[in-house]
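Read through the structure below, which is laid out as structure tokens, and then see the notes.
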Amino acid sequence: MDRPIFRRYVLLVSLVFVVFASHNGIAQSGYRLWLDYQPLGPSAADHYRERLQAVVFPMDSETDHVAFDELSRALEGLLGQKPMRQSAATPKTGLMVGTPGTLPANDAVEQAKTRLPDNEEAYVIHHHSAANGRPMTLILGNTDKGVLYGVFAFIGALQRSEDLARIDTVSSPKIKLRLLNHWDNLDRTVERGYAGFSLWDWHRLPGYRDPRYTDYARANASVGINGTVLNNVNANALMLTAPYLEKAAALADIFRPYGIKVYLSARFSAPIELGGLADADPLNSEVTQWWADKAAEIYRYIPDFGGFLVKANSEGQPGPQNYGRSHADGANMLADALAPFGGVVMWRAFVYEDTEPEDRAKQAYNEFVLLDGTFRDNVIIQVKNGAIDFQPREPFHPLFGAMPQSQLMMEFQITQEYLGFATNLVYLGTLFSETLQADTYADGPNSTVARVIDGELNHQPITAMAGVANTGTATNWTGHPFGQANWYAYGRLAWDPDADAGVIAEDWLRRTFGNDASFLDALLPLMMRSRETVVNYMTPLGLHHLMGWSHHYGPGPWIRDKPRADWTSVYYHQADTNGIGFDRTASGSDALSQYAPEVQAQFNDPQICPDEYLLWFHHLPWDFQMKSGESLWESLCRHYYSGVEEVSAMQAVWEAQRGKVDEIIFREVADLLAVQYEEAELWRDACVLYFQQFSKMPIPTGLPQPEHPLEYYESLYYHFVPGN
Ligand code: BDP
């Protein structure tokens with residue numbers, strides 16, 4: 001055989017194989033998230049195909065273009081048919097998409113218009129039956145952004161195979177700024193990231209614009225996320241230099257058509273590091289001028305720049321207190337720099353003193369409540385869901401409802417720093433909802449956290465929610481395939497904090513895996529239970545912060561003697577021969593007094609306090625009688641053991657799905673569940689043995705004994721834990 005021809009043939013064959021394999025690999029790897037438009041079943045497809053042949057979709061902007069492209073991509077995948085775009089309705093037109101300004105005026109548009117809420121991002125999907133009996137669907141927004149969100153909602157309904165005549169909805173976001181916070185460093189490591197490296201390829205930006213940036217924007221827009229903070233809150237001042245601003249501007253250009261604004265974490269001491277100033281005192285006129293100039297420079301690169309996120313005087317970060325100034329002085333100074341351009345400052349309330357005299361749970365409240373009413377109109381205080389730190393379960397943060405004259409926003413953590421990283425299947429929609437639906441009683445009953453942050457309670461004009469992202473360069477974006485559900489749920493709850501976590505989970509399942517009823521019946525309860533499961537095997541009954549030192553991987557209830565007491569586990573669980581738990585009532589740290597009297601009444605008495613929060617608020621003897629009648633020790637053991645059993649039940653449920661989901665994802669989830677099982681056992685055995693030293697009580701009969709002695713668990717050491 002002629003060698004060159006042979007070589008060419010081999011090359012061709014291998015190329016075909018590579019293209020096929022990688023295409024197939026991408027399809028099956030989860031890269032396409034919930035936007036993987038696989039063909040629908042024949043009856044649904046037939047139903048839609050005829051009606052969606054032609055669409056009136058005027059295009060005025062880049063956003064209109066990306067919305068039409070998405071619709072076309074979805075219809076091609078789901079129905080095998082791209083829509084024909086027409087300028088005016090014909091008898092074949094079943095869909096009209098646009099704004100009252102772009103669409104031709106007719107009865108259907110007029111009717112739909114009356115239903116449109118007064119919000120630039122709102123949309124209505126209106127089902128119209130014309131006088132001639134021909135049905136028509138209208139997707140109408142006040143602006144092209146509303147149109148884009150409406151298109152994504154319509155696609156979602158098609159993915160769920162809903163009857164066209166019933167796809168009819170009105171939607172308007174309750175929260176104005178819906179952001180992801182990336183804890184991404186400029187060297188592409190991600191603090192608390194478990195899904196590979198940072199998505200932002202700083203070295204090759206702005207020249208190389210990875211197509212993945214567009215897919216990131218599509219995914220976010222599809223769930224209503226409209227802002228992204230690109231860099232870590234533990235910020236590097238370099239982010240604010242011209243070369244990096246140019247790179248950030250390239251990303252902003254890609255995200256803009258998708259309605260997404262770019263924000264940056266700002267290092268408070270940047271005037272010293274970049275500007276050569278002697279200090280960063282917010283009342284020093286040189287410093288204020290430096291920030292004013294910096295803001296003007298940023299807006300030259302990014303005309304619609306969203307603003308700054310700031311972590312100040314927290315965990316060693318510089319801030320106004322270094323100069324004897326308050327958080328309000330610092331936040332207001334930056335707010336003044338951004339105000340001429342319409343930018344906002346998101347000032348974090350995750351602060352605790354360098355010398356730790358007080359229960360850490362009390363410190364943010366102590367520092368911020370005094371400042372209520374002193375922040376500029378473009379400052380919003382970013383408060384974590386709980387007062388300690390993104391634990392598997394925390395009561396809501398007492399700041400919610402306690403600063404009625406300030407704008408407060410929510411910070412959730414989507415990345416699973418304290419919930420088993422990307423090896424554990426944990427649906428966080430239930431955790432997020434639990435906080436959002438908690439009642440602060442700030443203005444009588446039904447003053448939920450959701451109503452505090454959506455501005456309803458105190459009429460705050462700027463409302464916002466942030467989620468610490470779980471994305472990275474992993475092919476499937478989030479490491480664990482089910483981590484995608486948490487990104488999805490976060491976006492949906494930022495749009496509507498009162499949305500139902502179960503509805504969202506089902507929606508994600510359908511859009512990701514299809515509409516097989518038996519699959520949904522099995523997986524929905526599994527997802528809904530999964531967070532409680534992890535609470536049971538990690539931190540039941542209100543325990544918290546028992547994780548391994550610094551990296552937070554695995555159990556570490558024995559962690560003690562660290563630079564600060566409140567960086568140890570023994571500080572939080574307070575276990576001794578007398579009992580266990582952190583007394584936050586008046587006889588202890590009195591953190592409970594930071595809540596409204598109605599909330600205090602729920603938690604103050606250990607006989608009434610819900611089991612979920614018992615050891616958060618109380619230090620109780622090992623033989624304390626629980627509501628179930630068991631002793632505290634028995635109950636603690638049962639929670640740890642049932643957590644592990646629940647993971648085993650999850651494995652069985654998943655095994656039964658073989659053949660119903662793509663084989664690669666099936667295996668990945670099955671393997672990860674096996675890892676999760678081992679980790680759950682480790683947690684259970686380590687914690688039960690550790691606490692048993694103090695309770696001196698036996699593990700209840702019928703429950704298996706841990707395999708190793710306590711010393712074994714204490715000796716385990718993990719090298720190179722990710723995200724640390
Ligand atoms: C803690 C993380 C740490 C973050 C900090 C924060 O362990 O990496 O920098 O929160 O939110 O949970 O600032």
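All heavy atoms count here, side chains included; hydrogens, waters and symmetry mates do not. First listed ligand is number 1; within each ligand, the first listed atom is number 1.
For Asp498, the salt bridge (charged side-chain N to carboxylate O under 4.0 Å, His left out) test picks out Lys174, with sequence neighbours left out. Remark: Glu532 engages Arg393 in a salt bridge (charged side-chain N to carboxylate O under 4.0 Å, His left out) (not counting sequence neighbours).
Looking at Val468 against ligand 1, nothing comes within 4.0 Å, counting heavy atoms.
Applying the 6.0 Å contact sphere to CZ of Phe197 captures no more than 12 heavy atoms from other residues, nucleotides or ligands. Counting heavy atoms of neighbouring residues, nucleotides and ligands inside a 6.0 Å radius, atom CG of Asp377 does not exceed 12 of them. No more than 12 heavy atoms of other residues, nucleotides or ligands shown are found within 6.0 angstrom of CD on Glu678.
Residue contact check: Glu417 has heavy atoms under 4.0 Å from atoms 1 (C), 2 (C), 7 (O), 12 (O) of ligand 1. Numbered from 1 in the order shown, with element, the atoms of ligand 1 that lie under 4.0 Å from a heavy atom of Glu315 read 4 (C), 5 (C), 9 (O), 13 (O). Set against the non-hydrogen atoms of Phe350, the atoms of ligand 1 under 4.0 Å away are 5 (C), 6 (C), 10 (O), 11 (O), 13 (O). Within ligand 1, the atoms closer than 4.0 Å to a non-hydrogen atom of Arg192 are 2 (C), 3 (C), 7 (O), 8 (O), numbered from 1 in the order shown. In the vicinity of His552, heavy-atom distances shorter than 4.0 Å reach the ligand 1 atoms 7 (O).
Checked against a 3.5 angstrom limit, the closest N/O atoms of Glu191 and ligand 1 fall inside it. Between Gln413 and ligand 1, no pair of N/O atoms sits closer than 3.5 Å. Between Asp389 and ligand 1, a contact under 3.5 Å exists for at least one N or O pair.
If you look at Tyr418 and His544, their ring centroids are not closer than 6.0 Å. Separation of the Phe720 and Tyr718 ring centroids does not fall under the 6.0 Å cut-off.
A salt bridge links Asp566 to Arg564: one of the charged nitrogens lies within less than 4.0 Å of a carboxylate oxygen.
Considering Val233, Asn234, Asn181 only, the shortest heavy-atom separation from atom 9 (O) of ligand 1 involves Asn234.
Note on ligand 1: Lys384 sits in its first shell, one or more heavy atoms being nearer than 4.0 Å.
For atom 13 (O) of ligand 1, the nearest protein heavy atom (residue, atom name, distance) is Lys311 NZ, 2.6 Å.
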